[in-house]
Amino acid sequence: MVKITLPNSEIKEYQDGVTILEIAKNISPSLAKKAVFATANDIDSPLNKSITQDCNLILHTSDEPKSLDNLRATLSFFLGKAIKKFDQTAVLGDHGFNDGGFFYDSDIATGQISADQLPEITKLVINELNQNNKLVCVRSSIDEAITIFKENSYQVELLKSLKTDYVYINTFEDYKDFSLIPLLTNYQNIKYFKLLFVAGAYFLGKSSNKMFQRISGTAFFSKKELEEDEKKREIARSHDHRVLGQQLDLFFVNPEIGAGLPYWLPKGATIRRIVERYIIDKEVDAGYQHVYTPVLANLNLYKTSGHWAHYREDMFPPMDMGDGELLELRPMNCPSHIAIYKYKPRSYRDLPLRIAELGMMHRYEKSGALSGLQRVREMTLNDGHTFVALEQIQDEFKKVLKLMMEVYRDFDIKDYKFRLSYRDKANTEKYFDDDQMWERSQSMLKGAMDELGLEYYEAEGEAAFYGPKLDVQTKTAMGNEETMSTIQLDFMQPERFKLTYVGADGNDHRPIMIHRGIIGTLERFVSYLIEIYMGAFPTWLAPIQVDIIPVNNDLHQDYVKKIEADLKKEGLRVQADLRNEKMNYKIRESQTQKIPYTIIVGDQEKLSGNVTIRRYGQEKQETLNESSFIELIKSDIANFSRED
RNA sequence: GCCGCUUUAGCUCAGCAGGUAGAGCACCACCGUGGUAAGGUGGGGGUCAGCAGUUCGAAUCUGCUAAACGGCACCA
């Protein structure tokens, strides 16, 4: 007999060799139905596991969010099996679960799997699932697993790349696979899954490796969740800045004019202009000196900076001017600001010296990376470089963070994560070669974050080639992670450009550079704003703040024009809609264009000098006199349309 | 850049079997229009992404190129 201790401290006795599923059934049939896996003496175990010694047992059910991973890992297993059925020659590669669902990578000698074949593969998966209770899942060491899968060199490499000590070996008749977490051995309830797309994926995530065919899908425990997931994807599309950008006439990209080269239409340009004015004012207040520097420079500048050696892949090819001069479109602004630093001898009294610019840069992004305003080939970075003495780093770092938080508050940005981005130790050729400096600057950044008590996560291989970064990661409507803001520590370029300042001791010293982008690039930032506001901009950012509509075009035209002129005088962005259309038509358009305030005026308003307003998204109307309205909208703008 | 998919009017999309193109919205004209989400009638508009091929004949079949989209890789 074995003694099983349950989470409520109750102890039950069972026959030696009892399976976890049997225990679950004994406790309650409904529990057994919902059970996904168990933790037995702190080891995650599948339900088919036999218990041969006393243990603490926790059963995990489908109610727990993390059980979803086990479900998806299980589907990945059956997908792999289905692919093998689909084509005997398939070589199976990476597989498993991720945030959105599950996937299986395979390599089929006879050709690529196409999207049309997904229904066929789906049927095969269903067939496999219908063969009940044949799946056996056993925990084993990596070494054992390597022996079992020795015939598939890809699987062996995968197993070797794992950071865990154990995997689960899953056997279904003569088919074997491994997973990182226990599978559902009572998989007969699995019904709610969907294969979504076929894509390419490099083996082990390295573009130098072979590309496998990835089939991805998603799965849930209930039909409702699966349907909600589908709905969520639809909603995401309605937040997509590319869709809204067209609906609201904000920007366009025309491939015939140039992929990745966006055109800002008047309304999008207005939003951008407001953002630009805002951030420049904010930075000037914070002690930054704004400059303008050229987008072109002699290639030698980027040879000195190290860009040509470490960043060439992302740079446009140099322009050969025919007389030996090579001009380069700049991919970053730092060398330009270094030139400004070098313009004069600098003293310790000048530090921290803060140079800022809305600097236009060009990067030759890979065609597959381009996306609306999020990834472009010409972008304007809200760039700033502070030159500091060593002992000023900490303070300046804090100042930048403080500025960043203020800006986030004004734009109502709440959903982000801090990421400390280090270089990849295993792949140092991408970075400047100076181990000591890397160690030092990485630990300084981490120290500063720890001191501030801010939460962050660490990522190797995400650093700039010249130094580690603190990145602010946000998510796009489509769920991709993007870097918005960044603060970077750079000991390298001051060295390469031999920057100096005269210290209090009269000797030359080397400054350190802090690179920082608060709102990142205007392109990405505005795309982010479009998505979080869903195109319904707060009044201070709205390209058109007020839309004025007469009840009758002829009778009320003069009054509409008077109000328009009054509001314009107050600096408001107003449009008077005097088109030959009915009032209702105009109101509808005002709403679909998401204009914050719609003013409707007729006889009543004209007589009393009032306006009747309707706010975007509300049906309620309110009549007030013109000056009260001006007061109202002005305070709305002044507090960034925040409620608090 | 790689894999998959897509590309028809300004926009959203029909055109499923090769026989020289359609709808709704938008645009233009005329008529109409008084209180909070689309008034009516008529009209203009397309080398069916580009190039080549198969065919008596190609939006439709084949190949190449480009771009968009979903991933992978890369990244602000």
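Just so we're on the same page: letters track the sequence lines, and every chain starts at 1.
Looking at the side chain of A:R614, the nearest of the listed nucleotides B:rA76, B:rA68, B:rA37 is B:rA37. Listed nucleotides B:rG71, B:rG35, B:rC74 differ in distance to A:R375; the shortest reach to its side chain belongs to B:rC74.
For A:F251 and A:H241, the ring centers sit closer than 6.0 Å to each other.
Residue side chain A:N580 reaches the base of B:rG32 through a donor-acceptor N/O pair under 3.5 Å, judged by distance alone. If you check distances only, the side chain of A:Y202 does reach the base of B:rG1 with a donor-acceptor pair under 3.5 Å.
No more than 12 heavy-atom neighbours from other residues, nucleotides or ligands sit within 6.0 angstrom of NZ on A:K475. Crowding of A:D415 atom CG: a count of heavy atoms from other residues, nucleotides or ligands under 6.0 Å not exceeding 12.
Taking 4.5 Å as the limit, some side-chain heavy atom of A:M478 sits within range of a side-chain heavy atom of A:R242.
Between A:E482 and A:N584, the one whose closest nucleotide on RNA chain B sits nearer the 5' end is A:N584.
Atom CD of A:E365 and atom C1' of B:rA67 are 17 Å apart (whole Å). Between the CD atom of A:Q246 and the P atom of B:rG10 there is a distance of 12 Å, rounded to whole Å.
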key: Dot-bracket pairing map - RNA chain B, Watson-Crick plus G-U, both contacts under 3.5 Å, | cross-strand   = ((((.((..((((.....[..)))).(((((.......))))).....(((((..]....))))))).))))....
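Using bins of under 30°, 30° to 60° and over 60° for the plane-to-plane angle, the ring pair A:H307/A:F465 lands in the perpendicular bin.
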